Amino acid sequence: MTTTLTHSGDAQDRPARSTMKDVAQLAGVSVKTVSRVVNGEPGASVEVRERVLQAADRLDYRHNLGASTLRRKDSRSGIVGALLQDVGNSFSAGLLRALEDSLRESGLSVLAASLDEEPERERGMVADLVARRADGLVLMPASHRHEYLISEQRAGLPLVFVDRRPHGVDCDSVTVDNRRGAAMAAAHLIAGGHRRVAMLSDLEEIETAQERTAGYRAALKEAGLEFDPALLVPSVRGEHEASTVVTDLLALPDPPTAFLTGRNILTVGAVRALRSAGLSHQVALVGFDDFPMADLVEPALTVIRQDVQRIGTEVGRLLLERLAGDKSAPKHLVLEPSLICRGSGEIARG
């Protein structure tokens, strides 16, 4: 069944959207003149320009950007695609906002979507953005190989990978030293006297999860501590699952006295589990990624912070340079994370 919603009266009674021809007739100019004005092209006097804009306003005229793109010599759409893992996550949301801010003055808009760790969705979304003539693409990939992008790169589409490195295609990227960040977190907990440090990690096939796990294990080795496979739990996907994992680990005969969580949503689950067990002030916790209100829980959360503002800004800068014609070799920026001590990670071993 098809339902048609109308504002008032029947659908056939509604006026059609005004066209460029309507604007030209009201302003007393040619359609070509209207086209010059709405596309920001030279050739119209100030007086004529004002007359056209007033006519467009009176008629509620909306310029067809798609048709305009087809006519423009540079074929620019003014749109940049940003495919991130989850735009609802505070890390992705913060990155997206920083990217928007960096592109705004250049007149570029960002069209964003979530990939949810689905490679096929990634390929479909990339194809859709290419069909929409996106001027550039920012990608936090779900796939592990990216040769499928070579043809788009050859065609001149600027590509910037973020958070994860490209494999199979060489293009600009902005990442964080995930191994170092996790090693810093684990070493910090070990320095507090902890010898049973557990880690909750994301999907094993995700590159950032692999790097963070490697950093955790390197810190244990550096401290002369034996790695216990029971204390490393991979492929933890959400807050509820993280809470369950932490609860189960606390029930071990020799439970961990400290936790490292490899993603902000896992940190939230760990906080809930520790609070439910009444151990928030007895068991130490360091989370990878900061997030809003992490400083307001009790105790406040110690985290490994990625400078999301800088990441988004650097991505935008690289993209703008490519759009301006930069043909230099791809740039791979690796930013350093920082340890933010707030209390939860400073709880000493009891």
Side-chain angles (χ1 to χ4, degrees), residues 80-87 89-103 110 112 114-115 117 119 122 126 136-147 149 153 158-186 199 201-219 260-266 287-291 303-322 326 328-340:
V80 168
L83 302 180
L84 309 178
Q85 284 314 302
D86 179 6
V87 296
N89 182 277
S90 60
F91 174 77
S92 292
L95 191 157
L96 182 59
R97 179 52 193 263
L99 177 63
E100 285 182 318
D101 290 344
S102 70
L103 299 179
V110 179
S114 300
L115 295 180
E117 301 296 351
E122 174 189 318
V126 167
L137 179 63
V138 175
L139 184 63
M140 186 186 295
S143 59
H144 309 303
R145 301 294 305 180
H146 312 111
E147 288 89 349
L149 291 167
Q153 187 182 47
L159 301 169
V160 182
F161 277 55
V162 62
D163 191 56
R164 303 170 189 182
R165 295 170 295 188
H167 296 282
V169 61
D170 196 9
C171 58
D172 296 328
S173 65
V174 182
T175 59
V176 168
D177 192 339
N178 289 284
R179 183 184 297 242
R180 174 171 168 74
M184 288 168 56
M199 180 178 183
S201 180
D202 208 334
L203 292 174
E204 292 181 275
E205 57 266 30
I206 297 176
E207 184 176 72
T208 51
Q210 294 169 6
E211 291 294 313
R212 292 171 191 180
T213 298
Y216 159 76
R217 296 191 61 167
L260 165 57
T261 45
R263 188 178 173 217
N264 52 18
I265 195 169
L266 306 186
F288 206 111
D289 286 337
D290 205 356
F291 57 91
V303 298
I304 296 296
R305 175 186 288 168
Q306 302 186 71
D307 190 341
V308 180
Q309 178 67 37
R310 186 183 172 197
I311 294 172
T313 299
E314 292 288 1
V315 169
R317 179 181 65 80
L318 290 174
L319 196 62
L320 289 174
E321 288 177 356
R322 296 303 179 188
D326 182 5
S328 63
K331 302 176 179 67
H332 303 289
L333 304 183
V334 181
L335 308 181
E336 290 296 318
S338 54
L339 175 67
I340 308 300

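Numbering of residues begins at 1 and proceeds along the displayed sequence. What's counted below: heavy atoms across the whole structure, side chains too, no hydrogens, waters or symmetry copies. Note that the structure is a prediction, hence the values are computed from the model and not measured.
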Atom of [X], atom of [Y] and distance for their closest heavy-atom approach:
{"X": "Gln153", "Y": "Cys171", "value": "NE2-CB, 3.5 Å"}
{"X": "His332", "Y": "Ser173", "value": "ND1-OG, 2.9 Å"}
{"X": "Val87", "Y": "Ser92", "value": "CA-CB, 4.0 Å"}
{"X": "Pro119", "Y": "Glu117", "value": "CD-O, 3.4 Å"}

| Crowding at CZ, Arg217 (>12 non-hydrogen neighbours, <6.0 Å) | no
| message | Looking at Arg145, I want to see if its CZ is surrounded by more than 12 non-hydrogen atoms of other residues, nucleotides or ligands under 6.0 Å. | response | yes
| message | Applying side chain to side chain contact (heavy atoms under 4.5 Å, CB included), can you list everything that pairs with Ile265, at least two apart in sequence or on another chain? | response | Glu239, Arg263
| query | For Ser102, what residues pass the side chain to side chain contact (heavy atoms under 4.5 Å, CB included) criterion, not counting sequence neighbours? | reply | Leu99
Does any N or O in the side chain of [X] come within less than 3.5 Å of the main-chain N or O of [Y], such that one atom is a donor and the other an acceptor?
{"X": "Asp86", "Y": "Ser114", "result": "no"}
{"X": "Gln210", "Y": "Glu204", "result": "yes"}
{"X": "Glu207", "Y": "Arg165", "result": "yes"}
{"X": "Glu122", "Y": "Ala142", "result": "yes"}

| query | Are the charged groups of Arg164 and Glu205 less than 4.0 angstrom apart, N to O? | reply | no
| request: List the steps, then state whether side chain to side chain contact (heavy atoms under 4.5 Å, CB included) holds for Leu139 with Leu115. | output: CA-CA 10 Å; Leu139 184 63; Leu115 295 180; 4.0 Å; yes
| said: Lys331 vs Asp326, test: side chain to side chain contact (heavy atoms under 4.5 Å, CB included). Steps then yes/no. | reply: CA-CA 11 Å; Lys331 302 176 179 67; Asp326 182 5; 3.0 Å; yes
| request: Would you sort out whether Phe288 and Asp202 count as a side chain to side chain contact (heavy atoms under 4.5 Å, CB included), showing the intermediate values? | output: CA-CA 11 Å; Phe288 206 111; Asp202 208 334; over 6 Å; no
| task | Give the intermediate values and the outcome of side chain to side chain contact (heavy atoms under 4.5 Å, CB included) for residues Leu339 and Ile304. | result | CA-CA 5 Å; Leu339 175 67; Ile304 296 296; 3.7 Å; yes
| field | Partner residues of Asn89 under the side-chain hydrogen bond (donor to acceptor under 3.5 Å, both in side chains) criterion, sequence neighbours left out | value | Asn264
